[in-house]
Amino acid sequence: MKSPSYHAARWAEPIITELGSEGRCGLFIEDAPDALDLMPRALRRTSAPVLPSLSEPEVFRHYLHLAQMTLGMQGVSLFGTCTMKYNAPVSEAISWRPEMAETHPLQDPETLQGSLAFIHGLDRMLRSLSGMDRFVFQAGGGADAAYTHCAVTRAWLAARGELGKRDEIITSIQSHPCNPATAATAGFKVITLTLEENGYPSLEQLKAAVSDRTAALMIGNPDDMGIYNPEIREWVDVVHRAGGLCFYDHANFNGVMGKIRARELGFDACMFMLHKTFGAPKGGNGPSVGAYGCSAELEPFLPAPLVNEENGHYRLVQPGAGASGHVREYLGNVQQVMKAYAWTLAMGADGIDEASDLSVLANNYMDHRLSTIRGLSHSHPHLTGWRMEMTRWSMETLCRETGVSVFDVQRRMTDFGIDAFWLSHEPWLVPEPFTPEAGEMWSLEEIDRWLDVLETVVAECYADPETVRTAPHRQAIRQLDQSHINDPARFATTMRAWKRKSAVIPA
Amino acid sequence: MTTKALHRSRSGAHPWMANSTDGLKARMLSAIGADSIDELFRQIPDTHRVKAPIDLPPAMTSEVALKRHLRDIAARNAHGETHLNFLGGGIWQHHVPAICDELVRRQEWLTSVFGSPESDHGRNQAWFEFCSQLGELLDMDLVGMPVYGWGCAAGHAIRMAARLTGRSRLLIAGPIAPERLSVIGTYCASARDESVIAIERILPDPKTGRIDIDALASRMDATVAAVYLENPNYLGLFETQVPEIARLARAAGAETIVGVDPLTLGVAEPPARQGADIVVGSLQPLGVHMHGGGGVGGFIASRDEERYAREYPTFLVSIAPTVAEGEYGFGLALFHQTSYGMREEGKDWTGNSTYLWTIAAAAFMALLGPQGFQAMGRRILANAHRAAEKLAAIQGVRVIHQGGFFKEFLVDFNATGKTVAEINRALLGHRIFGGIDLSAEQPSLGQTALYCVTEVHTDEDIDRIAQALTEVLAR
């Protein structure tokens, strides 16, 4: 592969607070000068906010330039664990119509029948995919859905008189950090199981961890290494026998959708990420939706409100007196629910089944090519079978032989228009990890291009490691110097803080 | 070579799946040396596979059909353009400048995931500019990236205060929206008694609507982690006693957390100048539509002191130099203290949030600038007070507090002999969404509604609601 012809836009846009000229204003508001008298005197602002003064076109161009300096999915992004997926403009466009965008959540439900129909419609489809009895969409992301589970578990425990008695949640070291973190925030003690030879914790380890203090198991499957725990049914039985609930973190649903149902495996609850698996956009980190589904037994403990349907008419209902409080205001990101509804409908059962086929096929195709590239290895090399929709790889050998780190490779690939790949959640169980995930959207040509770029960069690591280490060279900016990013005397989340700190400690 | 037969409902590839052809599947299978796609799923025991088929409606692969279907469902909603809207309470109908919509729909950031500081530089700069401008509005130096909503921001801020002080009592002073209160309650609850944050409410003085300082003082002691209040409060009134409240809290070693509507900050003194330690609020008024509730997002800001910085559960986007002279980029400060770095030892948790809205908000703040924020604040004050005056002139209708509010005010219908529910139902016939019915959530107020009036309401709109109410009440 030749050296890249790609080059990112480099607009060198100053920080917006440094732009402008006194007297300009980009949004004319019909002023009401006398209205200041309506403000309590003691509360009137004594000096105007030090914001930039800019005309509308200046602001517009500035942010368009910033958009152009964002690579994201404009190249090939196989960002593992996040399931980079097509976000179809057909549903995006609907979401910006006033029928969706200009609705208030406290409108009379009679005037929100459209939104409630989307919510109920997706609820029904997710029930079919998971076997659960009810879904809610209040959670603003996958982690928030995990938190929802913790809140529901508390409410369930309280109803059984076991709150305070059952106060332990079990997870595994390969489960997403949001599981232990939300459990701890909700006041549970966290027990983390470690991986064993097969790539997952043994049933014996789980048996030793459960007790009459077990409130719940929170676990993902398959994990980010592409390994499916075949004993998961037995796991659920063990936890149930101990008196706890089982929550399935379905972040990695893309490889198993249409193939398994959480409820059929015995789980009491599960979570889907609509901004990953179900085609809603990620927005660079939200607004997202963690769709939380549960069994009929847990339904009374869901945060309000629920949407019920009768003959095509929708009502908001309260789940029950012992329900959990809200995890977020209102019904959730309704516009994203609509987009996920649209995605699921457009795919259909066959399309969804085919998408998991393609995700797993493409990942194993990638594994096949990656295994021919020098310096790379995958986790648990003794497990030679097919992996699920992603595989945890390592650049340990490459790093040892060339001194180039996985971060350097990541940055260098951006010089070819390939946005940063995913490494691994912490702790790194595999040194110098990286985790590509092809999903069902990317074409074989695009997957091959991604692999060609990686191959080229790896060759460069051996031939010219300095070029890789000093990358990127063709990006919006040069390599960021993060040496002071963790020093409270130096880092700055606002321009005003930066100016103050730079005056004390010159850069 | 066996591949699954193509799907009955269509011939050829699915429009969103480039590899959904027999030929490409066969090519990949051949490359890896597998006989069938089914073989690749061998890790999953047969007993785990779905028992009954997945029962979904027939695939709507046609965009023609899909668009029509979505449109038809969406059309069952009424909204703020078909109806005159007076609902607020935590999400409000404000003007969204056209460029905000145009910008957030840009594919580059709409579809992006995290990326690297260099390759996703533009989006990261927009994030930093959101924090920088919000910091100017709030007069605070440390601003985190937002969380899911105002209630969530308050919940995290309260938990920060509990960790900072090692205390577990929270005083909530003044009225608060039930939605936010419920979220705060969830954040303060715990699976173990010893880590519960106990919430105590200090209700407002019913006459003035403002916080009863004596009641607050009587509960304030060295076991209080924080006092949380909102300004303006849920029922619309500005609170003028923030300095006294913050002094009481400080004397007891407690943190003062203030929730604020950022659109007030062109005309209202920022809470930081009145003694607030941590400030939270909604970013939705800053260029984000209501989206049926999907427009909410909550910010957290504080003084730029290490003790606060070390407790943030949010991402902290910091400016930093690059290797090129004079060039800057953005990275994550104190990443390790989040749950991504420390799992259950991290500060609460961090996850997908509402970052896309920071781009709308950054553009919004830059558009308005200092002049725009002042004009906006005065315009909203003028419109809301004009509306209150008009409604108060209707027979049997009383506006409880004639002044001292921003964009929301209490309308008392008790003397009309009608319930707010009846009135609002009748107003729907006039294509009007009446104010929030408080009769269930604030029983002491009887039949009272919370009306919200902003810069989007014209004089004609205000005349229209007054006329409609007059007619409805005369019936």
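We name chains A, B, ... by the order of the sequence lines, and we start the count at 1 in each one. What you see below is based on every heavy atom in this structure, not just the backbone, and it leaves out hydrogens, waters and symmetry mates. Every value quoted in this text rests on a predicted model; they were computed, and no experiment measured them.
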> Heavy-atom distance under 4.5 Å to chain A: side chain of B:Asp120, backbone, both or neither?
Replying inline: both

> Going by the angle between their ring planes, with limits at 30° and 60°, are A:His425 and B:Tyr340 parallel, tilted or perpendicular?
Replying inline: parallel

> Which bit of A:Glu440 is near chain B, if near means a heavy-atom gap under 4.5 Å: side chain, backbone, both or neither?
Replying inline: both

>> With a 4.5 angstrom heavy-atom cut-off, is it the side chain or the backbone of B:Glu327 that approaches chain A, or both, or neither?
In response: side chain

>> Counting only non-hydrogen atoms closer than 4.5 Å, does B:Val267 touch chain A with its backbone (N, CA, C, O), its side chain (CB onward), both, or neither?
In response: both

> Is a side-chain donor-acceptor pair under 3.5 Å present for B:Asp141 with A:Thr494?
Replying inline: no

> B:His83 versus chain A, heavy atoms under 4.5 Å apart: side chain, backbone, both or neither?
Replying inline: neither

> By a 4.5 Å heavy-atom criterion (distance strictly below it), what part of B:Leu110 contacts chain A: side chain, backbone, both, or neither?
Replying inline: both

> Going by atom types only, do A:Asp419 and B:Ser119 share a side-chain donor-acceptor pair under 3.5 Å?
Replying inline: yes

>> For B:Ser116, which atoms come within 4.5 Å of any heavy atom of chain A: side chain, backbone, both, or neither?
In response: both

>> Can you tell me which portion of B:Pro117 sits under 4.5 Å from chain A's heavy atoms? Options are side chain, backbone, both or neither.
In response: both

> With a 4.5 angstrom heavy-atom cut-off, which part of B:Phe433 approaches chain A: side chain, backbone, both or neither?
Replying inline: side chain

> What residues, two or more places apart in sequence or in another chain, satisfy salt bridge (charged side-chain N to carboxylate O under 4.0 Å, His left out) together with B:Glu81?
Replying inline: none

>> So for B:Phe41, is it side chain, backbone, both, or neither that comes closer than 4.5 Å to the heavy atoms of chain A?
In response: side chain

>> Using salt bridge (charged side-chain N to carboxylate O under 4.0 Å, His left out), reason through A:Arg496 and B:Glu136 one step at a time and then give a plain yes or no.
In response: CA-CA 8 Å; A:Arg496 49 194 274 141; B:Glu136 295 296 349; 3.1 Å; yes

>> At a 4.5 Å cut-off on heavy atoms, which part of A:Ile227 comes close to chain B: side chain, backbone, both, or neither?
In response: both

>> Report which part of B:Ala309 has an atom under 4.5 Å of a heavy atom belonging to chain A: side chain, backbone, both, or neither.
In response: side chain

> Would B:Asp55 and A:Ser128 count as a side-chain hydrogen bond (donor to acceptor under 3.5 Å, both in side chains) if you check the C-alpha gap in whole Å, the side-chain angles of each, and the deciding distance to 0.1 Å?
Replying inline: CA-CA 6 Å; B:Asp55 178 25; A:Ser128 183; 5.3 Å; no

> chain A: which of B:Gln93, B:Arg123, B:His69, B:Arg192 shares the most heavy-atom pairs with it under 4.5 Å?
Replying inline: B:Arg192

> By a 4.5 Å heavy-atom criterion (distance strictly below it), what part of B:Arg106 contacts chain A: side chain, backbone, both, or neither?
Replying inline: side chain

> Can you tell which of B:Glu455, B:His385, B:Arg42, B:Glu63 has the highest number of heavy-atom pairs within less than 4.5 Å of chain A?
Replying inline: B:His385

> Side chains of A:His326 and B:Glu179: is there a donor and an acceptor less than 3.5 Å apart?
Replying inline: yes

>> Does any backbone or side-chain atom of B:Gln107 lie under 4.5 Å from a heavy atom of chain A? Answer side chain, backbone, both or neither.
In response: both

> Side chains of B:Gln43 and A:Trp386: do they bring a donor and an acceptor to under 3.5 Å?
Replying inline: no

>> Do A:Asp144 and B:Trp349 make a side-chain contact, defined as non-hydrogen atoms from C-beta onward lying under 4.5 Å apart?
In response: yes

>> For a quick check under 3.5 Å, do A:Thr46 and B:Glu269 share a side-chain donor-acceptor pair by atom type?
In response: yes

> For B:Leu428, is it the side chain, the backbone, both or neither that has a heavy atom under 4.5 Å from a heavy atom of chain A?
Replying inline: side chain

> Will you find, in the side chains of B:His289 and A:Glu102, an N or O donor that is under 3.5 Å from an N or O acceptor?
Replying inline: yes

> Is there side-chain contact between B:Glu129 and A:Leu66, with at least one heavy-atom pair below 4.5 Å?
Replying inline: yes

